[in-house]
Structures are given as structure tokens and as C-alpha cells.
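Okay, so here's the structure we're looking at.
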Protein chains: 2
Amino acid sequence: MTEATPGRRGGRQLPTADELRIWRDFIETTAALGSRLESRLQGDSSLSSGDYSVLLALSEAEGEAMRSSELASHIGWERSRLSHHLGRMERRGLIRRQECATVPRGAEVLLTTAGAEAFRGATYPHLRAIRELFVDALTPDQIVAAGEIAAALRAQLDALRTQ
Amino acid sequence: MTEATPGRRGGRQLPTADELRIWRDFIETTAALGSRLESRLQGDSSLSSGDYSVLLALSEAEGEAMRSSELASHIGWERSRLSHHLGRMERRGLIRRQECATVPRGAEVLLTTAGAEAFRGATYPHLRAIRELFVDALTPDQIVAAGEIAAALRAQLDALRTQ
DNA sequence: TTAGCATCATTGACACGTCAACCGGTAGGT
DNA sequence: ACCTACCGGTTGACGTGTCAATGATGCTAA
């Protein structure tokens, strides 16, 4: 994997064939892993991973409620995305929204009993799927390495944040 | 893959807090990496990564053309997804479709000159983005490890294919 | 006071993916 | 010949995500 020819690791050259092959493997497999988790969750509980994120955040929140904007930044979503998603979840009775008493123009998102119920039912199978598809697939060393790789990639994303 | 203490790596227990933290880091960061690549590609060339996959496959195909079904399995898409996507790409003039001479009921997908042009313009910036965001972010060892992790995850996905 | 201006949230338009249903045609079995 | 079953491809419905535009409200500075 190493070489003495000019351009190696200068950030100036294009990826090598090996690097490109690994890149494709990596990005496609992680995407496939995400979809598989998603469809497991869907099959086990009729929730999407978006639903799960929202319900998880609300479950852990003070009084099972949160201001919309706060929720968005907590789970790292754009407000627009969250608004669309909350609309769909509200139609299904998983959450409801009401005017926020403390913040003018703010919307409070509340967990309904149906939402809390759905979340409870989804948690165990979801965690089991994570174990089966991720934890059990890797050696302990690989799990550590995966964490380090994620951290390094995240750091690079942050470093180049403005494109 | 065996266990001494109850539960460790037996596939029966839930993930530990550490494993869960790494899992979240890993899946969220790889997803973010995918979106960043997508938006870079979009900004550089007005192509989505779906467009890019299709154009890449067609560019490398005999006569810059391929039967729809063959194309679908080549890039690992469902036929329905491809059909929708080809419809959008056809509207933008990147490809066109015609009855296949050899295969009854088959559809031939052809690269247009505009499509070939768009693909040529997209390639270099796309590869550069891969280098900046993935290759340059990792040490050579980490790149190798990423490949091994991807292979292990893929193997597990295949092993548990039926859910 | 009022003219900007930022903030919180929603909306509409559109791209994208999946699922299930459908259509037209070919091939097998009886 | 006819019924069935499959195969290649398309379509519609719907959930999801992004972007840009739009209310609605409070803050601030001329």
C-alpha cells in the first residue's frame, strides 16, 4: 500500500485504484448497512430511523417534550426537515405540537402515549439488530478501529466545513 | 467468537454503551460523508451520485449503451429505482432509451453526447473530493482497516441476507 | 415611532427510494 | 391450443430530504 513515487499523500493527486476500490466498498457497504438497519426497524416496529431519533430524543427530554428548534439541533437536523417529519409523525399520532408557553413563536413537541409505546417496543429489536449487523460482524479491534476512523473522517468533514 | 463471561460476543446480549457510542459515531459520520460527497458533486457538476453511477457504467460499456436490466444489476439497483431515475435523466437529456433490437421487450439505454460531456466534467472534481474527504483524512493503515471493516460488514450483511 | 433585521417555524416544489401493482410477451406443461 | 408462470420494464402512491420562499414575532437603531 505504500509507494515511493511522487505525489503520495500530498493531497494533490487523485486516489489510486486501490484507494478507490476501498472507498467504494466502504461507502456502499455502510450505506447498505444503514438501509438494512432501517428496514429491520421498519419491520419490527413500523418506525423509520428518523422516527426513532425523534422519539429517542423526546423520551430522554425533560417532561418528554422539547422545543422544535432545540430538538432539531439536538439530533442534527435542519428545521425544515424536522418540520416535515413532525407533520408526518403527528398524523400518525406519535407526537403532538402546541404553542410554547415560555418562548414566543416557539413550538413545543410532546411525546404522546402512543409514541412512547412505539418507542419502547422498538428499542430492544433495534439494539439487537445493531449488535447482529455491526458489533457481531467485527472483532473488538475492528470496533475500536471503526471508532477511530469515524473520528478522523468527522474531523476532516469539520475541517473542510465550508466545502 | 466464543465467550468466557456471560453474554460477551455471543450474539445474545445488547451492545454495551461503548459499542453503541461507536456505532452512532460510525453510522452518522459515514452518512454525513456520503451527503457531503453528494453535495460536492452537485455543486461541481449538477449531477447526483445516482446520475454519476449510471453515467460511469454507461461510459465503460460497449458502445456506451446497456440493457436496462443489465445496468440495474451492474450498479446494484432495483429495476424500479433505475426506471424512475432514467426517466429523470432522460428529461434532462443525459441519456435516452430505445427498443432493444436483440432482446424482445428489452430497453436499451444510450449515453447522449450531453451525458458523456457531463460525466467527463464531473469525474475529476469527484475523485478529488474523494481524496480530500476520505483518503487524506485517514492514515494508510486506517485505509486498509476501513477496507477490512467494510468487507467484514458486507460478509455479515450477506450472511443474514434474509433479514 | 418605525424601518429594518434576525429568529422560529412552516410551506411548496422538486428529487429520490421503496413497495406493490401492472402490462406485454415468451416459454412450458397439459 | 390454452392456461399458467415468469420476465423485463413501467407506473402510482407514498415517505423522505433539500432548497428557497413565506409568515409571524420580537429586537434594535435611525
Side-chain angles (χ1 to χ4, degrees), chain A residues 28 31-32 34-43 45-54 65-110 163, chain B residues 28 31-32 34-43 45-54 65-110 163:
Chain A
E28 279 164 20
S35 328
R36 183 75 135 264
L37 252 291
E38 178 88 31
S39 83
R40 283 278 293 253
L41 188 57
Q42 187 70 235
S45 66
S46 293
L47 295 178
S48 69
S49 60
D51 299 333
Y52 190 83
S53 300
V54 169
M66 232 170 160
R67 275 216 2 271
S68 177
S69 202
E70 195 188 343
L71 177 55
S73 73
H74 186 63
I75 59 183
W77 286 12
E78 294 179 19
R79 278 207 312 278
S80 154
R81 175 182 178 184
L82 181 60
S83 187
H84 282 298
H85 205 97
L86 290 180
R88 292 186 294 260
M89 291 181 73
E90 196 165 34
R91 279 207 304 274
R92 291 190 289 149
L94 297 170
I95 55 108
R96 58 198 178 79
R97 286 182 279 196
Q98 66 181 26
E99 291 275 324
C100 176
T102 72
V103 176
R105 204 59 250 138
E108 188 102 16
V109 184
L110 308 177
Q163 228 45 212
Chain B
E28 279 165 20
S35 328
R36 183 74 134 264
L37 252 291
E38 177 89 31
S39 85
R40 284 276 294 255
L41 187 58
Q42 187 69 236
S45 65
S46 293
L47 294 178
S48 69
S49 59
D51 299 335
Y52 190 83
S53 299
V54 169
M66 232 169 161
R67 276 221 356 274
S68 179
S69 201
E70 197 188 342
L71 176 55
S73 73
H74 187 62
I75 60 182
W77 287 11
E78 293 178 18
R79 282 204 314 278
S80 153
R81 175 181 178 184
L82 181 60
S83 187
H84 283 299
H85 204 97
L86 291 180
R88 292 186 293 261
M89 291 181 75
E90 195 165 35
R91 280 207 303 275
R92 292 189 290 149
L94 297 172
I95 55 107
R96 59 199 179 78
R97 284 182 281 195
Q98 66 181 26
E99 290 276 323
C100 176
T102 73
V103 177
R105 202 63 252 136
E108 188 103 18
V109 184
L110 307 177
Q163 225 51 210

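To find a chain, count down the sequence lines: A is the first, B the second, and so on, and within it residues start at 1.
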Is the phosphate of C:dA9, meaning OP1 or OP2, less than 4.0 Å from a side-chain N or O of A:Arg67?
yes

Phosphate OP1/OP2 of D:dT16 contacted by A:Arg81 side-chain N/O (<4.0 Å)
no

Would the number of heavy atoms belonging to other residues, nucleotides or ligands and lying under 6.0 Å from CZ of A:Arg88 be above 12?
yes

Value in whole Å for how far the P atom of C:dA9 lies from CG of A:Leu82:
9 Å

Donor-acceptor pair, distance only, cut-off 3.5 Å: does the side chain of B:Glu38 make one with the backbone of B:Ser49?
yes

Value in whole Å for how far the P atom of D:dT11 lies from CD of B:Glu90
10 Å

Carboxylate-amine/guanidinium contact A:Glu108 A:Arg67, below 4.0 Å:
no

Quiz item: B:His84 side-chain donor-acceptor pair to D:dG9 base, under 3.5 Å
no

Would you please confirm or rule out a distance under 4.0 Å between OP1 or OP2 of D:dT16 and any side-chain N or O of A:Ser48?
yes

Which residue, B:Glu78 or A:Ser83, contacts DNA chain C at a nucleotide closer to its 5' end, judged by nearest heavy atom?
A:Ser83

Taken to the nearest whole Å, CE/A:Met66 to C1'/C:dA9 is 16 Å

What contact category does B:Ser68 fall into here, base, sugar-phosphate, or nothing, at under 4.0 angstrom with non-hydrogen atoms?
sugar-phosphate

Rounded to whole Å, the CH2-C1' distance (B:Trp77 to D:dT10) equals 16 Å

Between B:Arg97 and D:dT10, does any side-chain N or O lie under 4.0 Å from OP1 or OP2?
yes

How long is the line joining CD1 of B:Ile95 and C1' of D:dG9, in whole Å?
13 Å

Regarding C:dA9, can its base be found pairing with the side chain of A:Arg79 as donor and acceptor, where the two atoms are less than 3.5 Å apart?
yes

Separation of atom CZ in A:Arg88 from atom C1' in D:dC14, rounded to whole Å
10 Å

Base C:dT10 paired with A:Ser80 side chain (donor-acceptor, <3.5 Å)
no

Heavy atoms, side chains only, cut-off 4.5 Å: are B:Leu110 and B:Gln98 in contact?
yes

Write down the distance between CE (B:Met89) and C1' (D:dT10), rounded to a whole number of angstrom.
18 Å

Side chain A:Ser73, main chain A:Gly76, donor-acceptor under 3.5 Å
no

To the nearest Å, how far apart are B:Leu86 CG and D:dT10 P?
7 Å

